[in-house]
Amino acid sequence: MKKVNGKELSARGVAGISLVFMLTGMFFILLGLGVIPADDESFNAPRWVVRLSGMVFFIGGLMIWNGNNSALNDLLGGVLVLIFGVIGAWVALNGDAADFSGGIPLIGKENNVILSRIMFGTGSVICLIISLYAFRIFFRKWKDPDL
């Protein structure tokens, strides 16, 4: 039994939650591949970004299914955070300025777009560093399974 929020969850419950995440991921992967039809105008990002977003859900489901303290989860976690970084980098470099909202009042829309790009880019670099750390942990455990 695994604990979720201090409550024990049965193997069936873990499988159910995992399946929901993996099916959600598969939906977006298939949508991004064009297997599930959708107009390109309905996307605010390229289809490869939609596929990567689906992979985030799918990998998350695999990690739940796999459980804690596994070298495989270190690898999957590294891939998951790397995908976040790639998506953030795409937003920072190619995101449409009209799609950025919020920001700091009184500094103007252009400056808020620049600030948004800097924040997404910084987050992307942080994700890259975290993913490299997760890969390092995975390879250490792979070389020495007793860790």
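Numbering starts at 1 and runs along the sequence shown.
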Handout entry: Contact summary for Gly88 and Ser124, nearest pair of heavy atoms
Key =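 Minimum heavy-atom contact is C-CB, 4.1 Å.
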Practice task
Taking all heavy atoms of Ala134 and all of Gly77, pick out the closest pair and write down the distance.
Solution key: CB-C, 4.5 Å
Completion exercise
Here the side-chain hydrogen bond (donor to acceptor under 3.5 Å, both in side chains) pairs for residues 34-45, sequence neighbours left out, are Asp40-Arg47
Problem - Summary of side-chain hydrogen bond (donor to acceptor under 3.5 Å, both in side chains) pairs that have at least one residue in residues 76-96, sequence neighbours excluded - result: none
Does [X] belong to the same Ile/Leu/Val/Met/Phe/Trp/Tyr cluster as [Y], with side-chain heavy atoms less than 4.5 Å apart forming each link?
{"X": "Leu75", "Y": "Leu132", "value": "yes"}
{"X": "Val91", "Y": "Met55", "value": "yes"}
{"X": "Ile126", "Y": "Leu52", "value": "no"}

For a quick test of your reading: what N or O donor-acceptor pairs under 3.5 Å do the side chains of residues 16-36 make, sequence neighbours left out?
residue : atom : partner : partner atom : Å
Ser18   : OG   : Val14   : O            : 2.8
Ser18   : OG   : Gly61   : O            : 3.4
Ser18   : OG   : Trp65   : N            : 3.0
Thr24   : OG1  : Val20   : O            : 2.8

Handout entry: Over 12 non-hydrogen atoms of neighbours within 6.0 angstrom of CH2 in Trp48
Key =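 Counting neighbours around CH2 of Trp48, more than 12 heavy atoms of other residues, nucleotides or ligands fall under 6.0 Å, so yes.
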Side-chain contact test, heavy atoms from C-beta onward, threshold under 4.5 Å: evaluate it for [X] versus [Y] and give yes or no.
{"X": "Val49", "Y": "Phe43", "value": "no"}
{"X": "Leu115", "Y": "Asn112", "value": "yes"}
{"X": "Phe100", "Y": "Phe120", "value": "yes"}

Rounded distance (nearest 0.5 Å) linking atom [atom1] of [X] with atom [atom2] of [Y]:
{"X": "Phe139", "Y": "Asp74", "atom1": "CZ", "atom2": "CG", "answer": "11.0 Å"}
{"X": "Ile59", "Y": "Asn66", "atom1": "CD1", "atom2": "CG", "answer": "12.5 Å"}
{"X": "Ser70", "Y": "Phe138", "atom1": "OG", "atom2": "CZ", "answer": "9.0 Å"}
{"X": "Met63", "Y": "Asn73", "atom1": "CE", "atom2": "CG", "answer": "4.5 Å"}

Handout entry: Residue pairs fulfilling salt bridge (Lys or Arg N to Asp or Glu O under 4.0 Å) with at least one residue in residues 106-133, sequence neighbours excluded
Key =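 The answer is none; no pair qualifies.
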Handout entry: salt bridge (Lys or Arg N to Asp or Glu O under 4.0 Å): pairs with one or both residues in residues 9-23, sequence neighbours excluded
Key =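 Of all non-adjacent pairs touching residues 9-23, none passes salt bridge (Lys or Arg N to Asp or Glu O under 4.0 Å).
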Practice task
Walk me through it: do Ile114 and Ile118 pass the test side-chain contact (heavy atoms from CB on, under 4.5 Å)?
Solution key: CA-CA 6 Å; Ile114 291 169; Ile118 290 170; 3.9 Å; yes
Can you list, pair by pair, the side-chain donor-acceptor contacts under 3.5 Å of residues 79-87, counting residues two or more places apart and other chains?
none

